[in-house]
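Scope of the values below: all heavy atoms of this structure, side chains included, with no hydrogens, waters or symmetry mates. Small disclaimer: the values here were computed from a predicted structure and weren't measured. Just so we're on the same page: letters track the sequence lines, and every chain starts at 1.
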There are 2 protein chains.
Amino acid sequence: MSNTLIPCCPPLILQHLSPIDAEQLASMFRVLGDPSRLQLLSLITAQPSGAACVCELIEPLGLSQPTVSHHLKVLFDAGFLTKERRGTWMYYRVVPQTLQALYSTLQPPAVGAEAVVIR
Amino acid sequence: MSNTLIPCCPPLILQHLSPIDAEQLASMFRVLGDPSRLQLLSLITAQPSGAACVCELIEPLGLSQPTVSHHLKVLFDAGFLTKERRGTWMYYRVVPQTLQALYSTLQPPAVGAEAVVIR
DNA sequence: TCAATATATTGACACTCATCAATATTGAGA
DNA sequence: TCTCAATATTGATGAGTGTCAATATATTGA
């Protein structure tokens with residue numbers, strides 16, 4: 001009732017982080033560590049269709065076309081976006097599972113989380 | 001049953017992200033975008049007492065003392081750690097609320113999340 | 001006050017990366 | 001095939017940053 005803890009989301013803990021895991025995880029956070037890329041994720045998500053072409057993203061970001069393409073490539077390579085051709089346009093779409101997986105790494109093992117959800 | 005969605009965690013959406021919010025959020029992710037800093041958070045959390053002094057963190061990280069102090073300062077300045085003097089030692093402790101707040105920004109408004117949890 | 005220990009700061013260097021201009025590539029239509 | 005529009009790539013540049021050696025600061029104990 002008055003419990004302020006979200007049932008499925010126990011306190012965040014980074015457990016047994018090997019150097020390799022740390023580098024992998026850090027590389028994902030590094031991708032999100034740029035305001036333009038966060039705005040891209042936000043803008044694409046905000047589209048009614050859930051997808052956006054490059055030309056729709058240039059003006060709201062206030063960056064050059066090559067720079068926007070660069071950021072989209074970084075997001076794509078990291079698995080945050082998918083892309084699909086439609087004629088000359090390339091439509092990008094957010095992959096929610098990637099963000100989901102990312103912050104799952106900040107939580108205790110899924111077993112414990114599952115248990116809390118189920119019981 | 002066969003629903004793969006976690007009840008309390010609807011698809012991640014970054015909504016209405018202003019340039020200022022984007023920069024603030026990105027700066028937090030940037031702090032986590034370094035493997036040494038992730039390892040520091042992991043190591044400190046793993047301590048039975050929940051706290052660790054600098055001298056305990058140097059050897060497992062394999063970095064120089066000034067570099068470890070530097071990373072601790074970055075984490076402290078961003079609100080991921082607290083510090084407390086005990087004699088000549090300085091003990092650092094993880095602030096779970098900061099990590100919690102960080103990934104809350106990746107989710108839809110709490111209202112929607114609450115609703116999903118309750119039903 | 002002095003010495004020893006723990007931590008923080010400074011300065012320098014190498015490396016990464018965000019950005020743009022210029023150019024290349026791709027696809028559609030004539 | 002040619003042209004045009006949309007996107008991607010290349011190369012260059014400047015800003016940021018992770019790292020260390022050297023040094024400074026702070027605390028304890030004699």
Side-chain angles (χ1 to χ4, degrees), chain A residues 17 19-20 22-44 47 49 51-78 80-93, chain B residues 17 19-20 22-44 47 49 51-78 80-93:
Chain A
L17 203 55
I20 294 169
E23 174 49 45
Q24 271 192 339
L25 186 52
S27 73
M28 295 298 278
F29 284 127
R30 228 175 291 139
V31 171
L32 297 185
D34 181 278
S36 299
R37 286 195 284 267
L38 292 182
Q39 287 191 82
L40 282 175
L41 291 175
S42 176
L43 283 167
I44 295 172
Q47 298 293 321
S49 67
C53 64
V54 182
C55 61
E56 290 174 310
L57 301 167
I58 294 172
E59 189 248 335
L61 248 68
L63 294 173
S64 71
Q65 176 267 317
T67 300
V68 173
S69 276
H70 163 68
H71 285 307
L72 290 170
K73 176 177 167 58
V74 172
L75 288 165
F76 173 79
D77 289 344
F80 288 104
L81 296 177
T82 58
K83 59 179 173 181
E84 174 202 356
R85 279 214 92 94
R86 296 188 207 166
T88 54
W89 291 273
M90 188 71 78
Y91 278 80
Y92 287 88
R93 192 177 290 273
Chain B
L17 203 56
I20 294 170
E23 174 49 47
Q24 271 192 337
L25 186 53
S27 72
M28 297 298 278
F29 284 126
R30 229 176 291 139
V31 171
L32 298 184
D34 181 277
S36 301
R37 287 196 282 268
L38 291 182
Q39 286 191 82
L40 282 174
L41 291 175
S42 176
L43 283 168
I44 296 173
Q47 298 294 319
S49 67
C53 66
V54 182
C55 60
E56 291 174 310
L57 302 168
I58 294 172
E59 189 249 334
L61 248 68
L63 295 173
S64 71
Q65 176 267 315
T67 300
V68 175
S69 277
H70 163 70
H71 285 308
L72 289 169
K73 177 177 168 56
V74 172
L75 287 165
F76 173 79
D77 288 345
F80 288 103
L81 296 177
T82 59
K83 58 179 173 180
E84 173 202 358
R85 278 215 94 94
R86 295 186 208 167
T88 54
W89 293 272
M90 188 71 81
Y91 278 82
Y92 287 87
R93 192 176 290 272

Q: Give the rounded distance in Å between these two atoms: CG of Leu81(B) and P of dT7(C).
A: 14 Å
Q: Kindly say whether Val31(A) contributes a backbone atom to a donor-acceptor pair with the side chain of Arg37(A) at under 3.5 angstrom?
A: yes
Q | Pairs where residues 54-71 of chain A contributes a residue and the test salt bridge (charged side-chain N to carboxylate O under 4.0 Å, His left out) is met, not counting sequence neighbours | A | none
Q. Rounding to a whole Å, what distance do you find between Leu63(A):CG and dC17(C):C1'?
A. 14 Å
Q | Whole-Å distance separating the CG atom of Leu75(B) from the P atom of dA8(C) | A | 12 Å
Q. Is a side-chain N or O of Arg93(B) found less than 3.5 angstrom from the main chain of Ser49(B), in a donor-acceptor match?
A. yes
Q) Between atom CG of Asp34(B) and atom CZ of Phe29(A), what is the distance when rounded to the nearest 0.5 Å? A) 12.0 Å
**Q.** Interatomic distance where CZ belongs to Arg37(A) and C1' belongs to dA18(C) [whole Å]
**A.** 8 Å
(Q) Please evaluate residues Leu41(A) and Phe80(A) with respect to the criterion side chain to side chain contact (heavy atoms under 4.5 Å, CB included), reporting the C-alpha separation (whole Å), side-chain torsions for both, the decisive distance (0.1 Å), and the verdict. (A) CA-CA 8 Å; Leu41(A) 291 175; Phe80(A) 288 104; 4.3 Å; yes
**Q.** Nearest-nucleotide comparison on DNA chain C, the residue closer to the 5′ end among Gly87(A) and Arg30(A)
**A.** Arg30(A)
Q) What is the per-nucleotide protein-contact pattern of nucleotides 5-11 of chain D, from the 5' end, where B denotes a base atom under 4.0 Å from a protein heavy atom, S denotes such proximity for sugar-phosphate atoms only, and - denotes neither? A) -SBBB--
Q: Would you kindly say whether Ser27(A) and Glu23(A) are connected by a side-chain donor-acceptor distance under 3.5 Å?
A: no
Q | Watson-Crick or G-U counterpart of dG29(C), or none if no pair lies under 3.5 Å | A | dC2(D)
(Q) Nearest whole Å is fine: how far is dT26(C) P from Glu84(A) CD? (A) 19 Å
Q: To the nearest Å, give me how far apart CG (Asp77(A)) and P (dC17(C)) are.
A: 13 Å
